[in-house]
Participant: 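Quick one: the structure is below, questions incoming.
Lettering follows sequence order; numbering is per chain, from 1. The structure displayed is predicted, hence computed values, not measured ones.
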Number of protein chains: 2
Amino acid sequence: MSSVSIKDIARVAKVSHSTVSRALHNSPLVRRETAERIRRIAEEMGYRPSAVARSLVTRKTKTIGVVVTTIADPFIAEVVSGIEEVANDHGYSVFLANSNADPDREIKVVHSFHERRVDGILVTASRVGALYMDHLSEMKVPIVLINNQHPGEFVHSVMIDNVTASRAATDHLIQLGHRRIAYIGDQFGYQSDTERFAGYRQALERAGLTFQPELVVHGDGKPEEGMRAMERLLMLSSPPTAVFCYNDMTALGALRMIRMRGLRVPEDISLVGFDDLFIASYTEPPLTTIRQPKRQMGRRAMELLLQLLRGENSQQTIWMQGELIIRHSTAPPR
Amino acid sequence: MSSVSIKDIARVAKVSHSTVSRALHNSPLVRRETAERIRRIAEEMGYRPSAVARSLVTRKTKTIGVVVTTIADPFIAEVVSGIEEVANDHGYSVFLANSNADPDREIKVVHSFHERRVDGILVTASRVGALYMDHLSEMKVPIVLINNQHPGEFVHSVMIDNVTASRAATDHLIQLGHRRIAYIGDQFGYQSDTERFAGYRQALERAGLTFQPELVVHGDGKPEEGMRAMERLLMLSSPPTAVFCYNDMTALGALRMIRMRGLRVPEDISLVGFDDLFIASYTEPPLTTIRQPKRQMGRRAMELLLQLLRGENSQQTIWMQGELIIRHSTAPPR
DNA sequence: CCGGCTTTTGAAAACGTGTGCAGCCTATGA
DNA sequence: TCATAGGCTGCACACGTTTTCAAAAGCCGG
């Protein structure tokens, strides 16, 4: 509306708008006193430079686009929090867009980011990533993926070392003395599920335990399916004494089902999650899990993007390590 | 970078860029065949209009700014999810900024939004709202607050009816037969805490129960302080048989403390929360609580903002009702 | 064939900022 | 006194759109 422009200031200060522009940028090309006078006037007039006008000429918007499946996912929210923090510290504003894992919406979002001329894009935990990769790459803008499910592409990414982490989780159960250890996975075929499953198998193998196919069931990463999966395990003639879950949400469902069947954690069954959501420390009993450095992953991803924006071509993939957090949902078998 | 502009298309189509602009807007001012030819060329050249150039001339950015204390708060994340949904549906992109409840950062954020020339601003659960209200109002832009703690200001807002909801929660406990009902509040002095406390007192009063000051303690809306507050209640010579908590996070802490003392919920103590976070249905036992229509609140807030952007001056405040969700953390006293 | 109308097109200005270039002013040295 | 260098400032253009206004082109009736 009535926003004051560089020209308004020029008129008041009786100089050209170029001089005002330079003064406000502390350019050495303008005399000290003039510059100070101009800055004072700008201050008094409540001047705020227009980022849009500036973007038009500099061809940089100092904005980045963040696309998430849904910000209501606590894991993602933490990551975004980390992203926003370092973006903000570097003068970047972030556009947030939910895709709801809907391909149409994802494409709309990417187009929208394109039209807004964002300087870069961050995508967290995209399951359908490959789908709109073409659209992403057609705008020549740096992209960083976080925990994406379709790696091996041309883009940069920040990933958690799923294999090592889940091996650690399974090792923990083995060391407690468990021999029948189940795995409740995510939907079959997802990259991170495959990796966590691989870690589980590696741990079994190294401990000389034979892999039992019937001890592997799949949920969908949410509590409801976690319950159903756990139910199936409990119906086995010889149920497991310990269960490693794809994530905490799944563990939440498993925990509830175990309790519904009148069994106890960890006395009857040990339970391990993955993610270390906030909630994991407030379940009953508190959940042993793998901590993902969520906020840190967001930070690192944004820092990687900043490097790319500066034109430094850095490493392709940043690997981060999970950490086994031992709480009270695991104990030796009876 | 090498992004194609309206002029590039004009050159190829051998028309003026004005004509291209009109053709792309389906203006009736351009001949059908010409328009179609131009649109086809634009398509082939992979044209994406520049929102920043457009914004400069139209003086509308089709962006809104959302400031939250932290997106890592599950309550807020749900609200933002609702906001983003309707914003996106109406062609608006959302800038997300965390303030971390830090006044300096809040001011920086508002300035940033101002420079980006957002069309409107949404603020969720601002505790220090009054602090930067001046900065907000100085840019002439519609503002909608969600559950803000300093109402009575000149802006528009979406609020939950705290008094009615907490009266319902307390009534529920009274009807179960409880007579010693405690209240664990948020930090003293916050608006929503004051209101929930008021509802609690009203319910007691209407039931003819005398208010007992020692049954009111304060936390800070997070589990740790909820534990401490609950601890204080349990040290009373005659502890409460039921506790109404300011929010679910506080209830989470209370629940843990009750269990640490070897007591059981709801057999020994009934517990009621507020918010109905996702987690509330997965505690042990599942938590009776007041459901806030979080996503819906975000949607309504954005819709209100859209009305304001259209120039319709609508109602000042939208009140929303909470809903009592009875689960298993409440039962008659022994 | 011409005037007048409608349809279609183009020229140009505007939005607010950044910046290369030219030119002014002042001081300095010869 | 004059030439020159260096410090400072203004002009003008650019960025990619939208939109007003004028003008060209096509059409019709007389």
Participant: For atom CZ of Arg300(A), is the number of surrounding heavy atoms from other residues, nucleotides or ligands below 6.0 Å larger than 12?
Facilitator: no

Participant: Pull out every protein N or O sitting under 3.5 Å from an N or O of nucleotides 25-28 of chain C, one pair per line with the distance.
Facilitator:
none

Participant: Given side chains that start at C-beta, do those of Arg299(A) and Ile83(A) come closer than 4.5 Å, heavy atoms only?
Facilitator: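 They are not in contact (no side-chain heavy atoms under 4.5 Å apart), so the answer is no.
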
Participant: Can you tell whether the side chains of Arg105(A) and Asp89(B) come within less than 4.0 Å, N to carboxylate O?
Facilitator: yes

Participant: Using atom types as modelled and distance alone, determine if a side-chain donor or acceptor of Ser157(A) lies under 3.5 Å from a backbone N or O of Met159(A).
Facilitator: no

Participant: Looking across every strand, which nucleic acid part, if any, lies under 4.0 Å from Thr34(B) by heavy atom: base, sugar-phosphate, or nothing?
Facilitator: sugar-phosphate

Participant: May I ask you to evaluate whether Arg54(A) reaches the phosphate of dG18(C), defined as a side-chain N or O under 4.0 Å from OP1 or OP2?
Facilitator: yes

Participant: Could you tell me the separation between the CD1 atom of Ile6(B) and the P atom of dC15(D), rounded to a whole number of Å?
Facilitator: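 In whole Å, dC15(D) P and Ile6(B) CD1 are 14 Å from each other.
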
Participant: Closest nucleotide of DNA chain C for Arg31(B) versus for Thr58(B): which of these residues is on the 5' side?
Facilitator: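 Looking at DNA chain C, the more 5' nearest nucleotide goes with Arg31(B).
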
Participant: Just checking Glu43(A): does its CD atom have more than 12 heavy atoms from other residues, nucleotides or ligands closer to it than 6.0 angstrom?
Facilitator: no

Participant: Check DNA chain C against residues 7-30 of chain A and give the residues with a non-hydrogen atom under 4.0 Å, in numerical order.
Facilitator: Lys7(A), His17(A), Ser18(A), Ser21(A), Arg22(A), His25(A)

Participant: With side chains defined as the heavy atoms from C-beta onward, is the minimum distance between Val15(A) and Ile38(A) less than 4.5 Å?
Facilitator: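 The answer is yes, as the side chains (C-beta and beyond) meet within the 4.5 Å cut-off.
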
Participant: Rounded to whole angstrom units, what separation is found between the CG atom of Leu56(B) and the P atom of dG18(C)?
Facilitator: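 Interatomic distance, CG of Leu56(B) to P of dG18(C): 12 Å.
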
Participant: Quickly work out the Lys60(B) NZ to dG16(D) C1' distance and round it to whole Å.
Facilitator: 19 Å

Participant: Can you check whether His114(A) reaches Arg117(A) side chain to side chain, under 4.5 Å on heavy atoms?
Facilitator: yes

Participant: Does any part of the side chain of Asn26(B), heavy atoms only, come nearer than 4.5 Å to the side chain of Arg39(B), both counted from C-beta?
Facilitator: yes

Participant: With a 4.5 Å limit on heavy-atom distance, are the side chains of Glu106(B) and Asn100(B) in contact?
Facilitator: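 With C-beta onward as the side chain, the pair stays apart.
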
Participant: May I ask you to list the residues of residues 35-45 of chain B, by number, that have any heavy atom positioned under 4.0 Å from an atom of DNA chain C?
Facilitator: none

Participant: Do the side chains of Val144(B) and Leu308(B) get nearer than 4.5 Å, heavy atoms only?
Facilitator: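 They are in contact (side-chain heavy atoms under 4.5 Å apart), so the answer is yes.
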
Participant: May I ask you to test the Val94(B)-Phe95(A) pair for a side-chain heavy-atom distance under 4.5 Å?
Facilitator: no

